[in-house]
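The first residue of the sequence shown is numbered 1, and numbering continues consecutively from there. Atoms within a ligand are numbered from 1 in the order they appear, just like the ligands themselves.
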Amino acid sequence: MASATTREWVHRAWKNGLAVPAFNIPYLPMMEPVVRALADTRTAGLIMVARLEWIKFAAGSIEAVRDEYARVGDRRVTRLHLDHVPVIDEDNLRVDYAADIGRAIRAGYESVMVDGSRLSLEENIACTRRVSEMARAAGIPVEAELGAVMGHEAGPLPPYEELFRSRRGFTDPDEAERFVRESGADWLSIAVGSIHGAISDSARARKKIEARLDIGHLDNINRRCGVPLVLHGGTGIARECIRDAVRHGIAKINVATAIRQPYERHAPESPARARDAVYAETVRIVREELAIEGSAEQINNGGNRP
Ligand code: 13P
């Protein structure tokens, strides 16, 4: 039961109308309560760190997260994933993405993401293909991104309703089909209405607006791509939209803000209360938002939903 790979997990979720939640760890003490919540609810989930979390938060480094994972991870319910390593970051700076991803692969991460979404289509394909080759040599899957899931950049977002109505930044289905074919990406993060929680010092405590998802647009991408799709910006999306999205190709859902904000609120006064808040919120997401409690057995063993 404990030996299924991350590739199998996400593929089984995709085929069975389930989703694998993926939780960001911007502070190392958040990891243990997330793992415990997944174990207590028997739910399969990924533990992950993004580059901005070891640069702008307190995750430390790729290796520090791996070491904490070695201490508290639980193979029945968790796998270790490298989230966003951008080619051009949220401050518009060029990143040595291949170096970071190479380090994570050597450190034992079981899947990796390269984010070339700020590049042209051709450049994004080229960078993703480079990472796909690195990952293939290590036998692990690669997630890539096409389209603009905004929110990590400093400065105000355009009004959400305008963004949604105009479909600005949404992943183009024709491009997505070509991207998957030519880049070798195993999973594709797409933009269909979600946004990332803000991370600038002045905005990171702010409540996220409730986003919606364009399910018709998602369905169109899903039919053309033939790979599991990933939803970023998983905090604060209308519950029905999330569940509908899982029925239309979303197999992995990234969650950061929902567990980071309660941690940051309590940590200065009581680290124990901060960890409890992370535990409670992870359980709530699994049970109430995603309704996937108990997914681990099915995801580890394959087979259809009982
Ligand atoms: P939220 O902060 O909206 O949960 O988004 C997380 C995410 O997509 C990380 O990659």
**Study point:** salt_bridge(Asp201, Lys56) N-O dist < 4.0 Å
**Key:** no

**Study point:** Counterpart residues, side chain to side chain donor-acceptor pair (under 3.5 Å), relative to Glu161 (two or more places apart)
**Key:** Arg212

Exercise for review: Show the protein residues that qualify under the rule heavy atom under 4.0 Å from an atom of ligand 1, listing them in chain and number order.
Suggested key: Asn24, Asp83, His84, Ile195, His196, Gly197, Lys208, His232, Gly233, Gly234, Thr235, Asn254, Val255, Ala256, Thr257

Revision key, fill the gap. Residue pairs passing the ring pair (Phe, Tyr, Trp, His ring centres under 6.0 Å) test with at least one member in residues 127-154, sequence neighbours excluded, are His84-His152, His152-His196

Exercise for review: Inspect the contact between Arg7 and Glu110 and indicate whether a charged nitrogen and a carboxylate oxygen are less than 4.0 angstrom apart.
Suggested key: no

**Study point:** Which residues share a side chain to side chain donor-acceptor pair (under 3.5 Å) with Glu281, sequence neighbours left out
**Key:** Arg284

Exercise for review: Determine, for Arg71 against Glu32, whether the closest basic-nitrogen to carboxylate-oxygen distance falls under 4.0 angstrom.
Suggested key: no

